[in-house]
Amino acid sequence: MSDWTPTRAAGLERMQAFVPGMGRAYAAGRNTDPGPGGAYAVSRLSPWVRRRLVGEDELARAALEAHGPRAAEKFVQEVIWRTYWKGWLELRPQVWDRYLVTRDQARAAAARDPALARDPALARDLAAAEAGTTGIDAFDAWARELAETGWLHNHARMWFASIWVFTLRLPWTLGADLFLRRLMDGDPASNTLSWRWVAGLQTVGKTYLATADNIARYTDGRFRPQGLARSAEPLVEAEPVGPTRPLPPAARETPAGPHLLLVTPEDLTPEHLIGPWEIAGVALVAGPDAATEGPARTFLDGALADAGARAGARYGAEPVRLTMLDGAALSARARAVGAIGVVTPAAPVGPMATALAAAREELATEGLALVEVRRDWDAALWPLATKGFFPFKEKAPQVLVGLGLPV
């Protein structure tokens, strides 16, 4: 299926169509990447889940109700991996800040303008990797698939990242940056931390090495690339990650009085979260995600429009698209609709959270509050991400029961 219609209705339709595959068939076939046009064992729902057009709770409930906890275990586990990554980064925002610094340093070294590049060889090799002209057939095919479709199978992402880091010897932060720009499901937490894991930074000393035999096996023989690195020495950070922080506070319901609803790409089903409170107006903003490109940008624009239409219909307010996210624009819009504040679904660590923090300070000078409302799913599961995934996975079922899922 190559239909990436960026609406909640399309996401729900795809989810329902995949329900029969959420059990043992998923567990058996999820590692195989048949390539474009092939019969995938995975759902390819990640673009809708990334923008919360379809919720993690909706996916987990559908799988558990159809297959039961045992047969659906692997599918539900993969759903909560995304939640784990978000919670892990939420408790350690310094890792995101460190990524931004090292990414920007690498960007400067490999500037696209040859006259500005401090490392012309890096600039040349980076351009070849992004364009899919390295001469490594599998890698080049995935680079082109990424550019053309905005999506890659998860196993292909792991192979791609491993070859990027250990064979091509490119900075991992530039690979993570490429994925974040081009993937329809590009997510600051899962993307950054998955690249760190491949490189040996996330689980310190543990790397992922792509091999020709593994690639041949799980691409049904489509590829057996030659010249891959034979070892994967882990990258090393100058400083340890450091301690976790408490989960930042967020509201669980909208405060009283008329508010402007701000819809961002972090949660495009706000009507399921904000509820029937007094919403005086609806504003949409792409914000920092405007840096996406190609199919990822197309999907985002369509998803924002769909979210705006649904929110506008729910609250009887014509949605207005803001060109940028800042306190001045939000203040002007809030005043125009008679709102006493701005309310928005809480944004996890990443560009949107940074932008909202700056807007909150600007709004405060105007006497307006910015209230972020956190979903029950996030509030219940994120605090569990204090250690590795397996302790998280062990605790998750009890939490899912508390959320009303049939675990």
Side-chain angles (χ1 to χ4, degrees), residues 49-53 55-57 82-83 85-93 96-97 187-189 244-289 303-304 307-308 310-311 314-315 317 319-320 322 324-331 333-334 337 339-383 385 403:
V49 179
R50 162 65 182 100
R51 301 302 176 187
R52 283 195 149 158
L53 292 165
E56 294 95 327
D57 57 331
R82 177 179 292 269
T83 301
W85 281 142
K86 283 184 178 291
W88 195 97
L89 193 60
E90 196 69 23
L91 303 182
R92 303 165 183 84
W96 173 253
D97 296 336
D187 171 78
T244 62
R245 69 171 181 179
L247 185 66
R252 300 296 288 277
E253 61 181 28
T254 309
H259 277 71
L260 174 70
L261 171 62
L262 175 64
V263 182
T264 78
E266 291 300 328
D267 196 318
L268 295 182
T269 314
E271 66 271 22
H272 285 187
L273 176 64
I274 303 303
W277 292 286
E278 191 175 355
I279 299 299
V282 176
L284 313 174
V285 66
D289 274 9
L304 269 172
R310 284 183 282 104
R314 172 68 180 272
Y315 300 111
V320 173
L322 304 179
M324 61 187 301
L325 176 56
D326 62 31
L330 284 175
S331 176
R333 191 60 203 158
V337 298
I340 63 171
V342 179
V343 63
T344 189
V349 167
M352 186 58 66
T354 301
L356 286 173
R360 180 181 296 107
E361 293 185 4
E362 294 182 66
L363 284 169
T365 65
E366 298 291 327
L368 297 170
L370 173 63
V371 179
E372 293 188 62
V373 183
R374 181 172 291 139
R375 285 180 178 265
D376 290 343
W377 177 275
D378 300 337
L381 288 166
W382 285 358
L403 292 171

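The residues of the chain are indexed from 1 along the displayed sequence.
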Please answer whether the main-chain N or O of [Y] pairs with a side-chain N or O of [X] as donor and acceptor at a distance below 3.5 Å.
X: Arg333; Y: Ala329; answer: no
X: Arg245; Y: Leu91; answer: no
X: Arg374; Y: Pro248; answer: yes

Item to complete: Carefully, step by step, assess Arg310 and Glu271 under the rule side-chain contact (heavy atoms from CB on, under 4.5 Å).
Response: CA-CA 8 Å; Arg310 284 183 282 104; Glu271 66 271 22; 2.6 Å; yes
Show the nearest heavy-atom pair for residues [X] and [Y], with the distance to one decimal.
X: Arg92; Y: Ala385; value: NH1-O, 3.0 Å
X: Leu273; Y: Pro345; value: CD2-CB, 3.6 Å
X: Ala317; Y: Gly281; value: CB-CA, 3.9 Å
X: Arg360; Y: Leu370; value: NE-O, 3.7 Å
X: Ala347; Y: Ala353; value: O-CB, 3.7 Å
X: Ala311; Y: Leu261; value: CB-CD2, 4.3 Å

Measuring from [X]:[atom1] to [Y]:[atom2], what's the distance to the nearest 0.5 Å?
X: Ser331; Y: Leu368; atom1: OG; atom2: CG; result: 5.0 Å
X: Leu403; Y: Glu56; atom1: CG; atom2: CD; result: 11.5 Å
X: Leu304; Y: Leu53; atom1: CG; atom2: CG; result: 9.0 Å
X: Glu372; Y: Glu266; atom1: CD; atom2: CD; result: 10.0 Å
X: Asp187; Y: Trp85; atom1: CG; atom2: CH2; result: 11.5 Å
X: Asp376; Y: Asp57; atom1: CG; atom2: CG; result: 9.0 Å

Item to complete: Can you spot which of Thr269, Thr264, Asp289 makes a side chain to side chain contact (heavy atoms under 4.5 Å, CB included) with Arg51?
Response: Asp289
Response to the item:
Partner of Val263 under side chain to side chain contact (heavy atoms under 4.5 Å, CB included), picked from Leu322, Thr344, Val282, is Val282
Item to complete: Go through the steps for Asp378 and Lys86 under the test side-chain contact (heavy atoms from CB on, under 4.5 Å), then give the verdict.
Response: CA-CA 9 Å; Asp378 300 337; Lys86 283 184 178 291; 5.5 Å; no
Discussion item. With no hydrogens and no angle check, just 3.5 Å: does a side-chain donor-acceptor pair link Trp382 and Thr83?
Written reply: no
If you define the side chain from C-beta out and look only at heavy atoms, does anything of [X] sit under 4.5 Å from [Y]?
X: Pro188; Y: Pro348; answer: no
X: Val49; Y: Arg82; answer: yes
X: Val337; Y: Val320; answer: no

Fill in: Basic-acidic side-chain contact under 4.0 Å: Arg375, Asp267
yes
Discussion item. Please evaluate residues Trp377 and Arg52 with respect to the criterion side-chain contact (heavy atoms from CB on, under 4.5 Å), reporting the C-alpha separation (whole Å), side-chain torsions for both, the decisive distance (0.1 Å), and the verdict.
Written reply: CA-CA 12 Å; Trp377 177 275; Arg52 283 195 149 158; 3.9 Å; yes
Practice prompt. Could you go through the side-chain contact (heavy atoms from CB on, under 4.5 Å) check for Ile279 and Leu260 one step at a time?
Written response: CA-CA 6 Å; Ile279 299 299; Leu260 174 70; over 6 Å; no
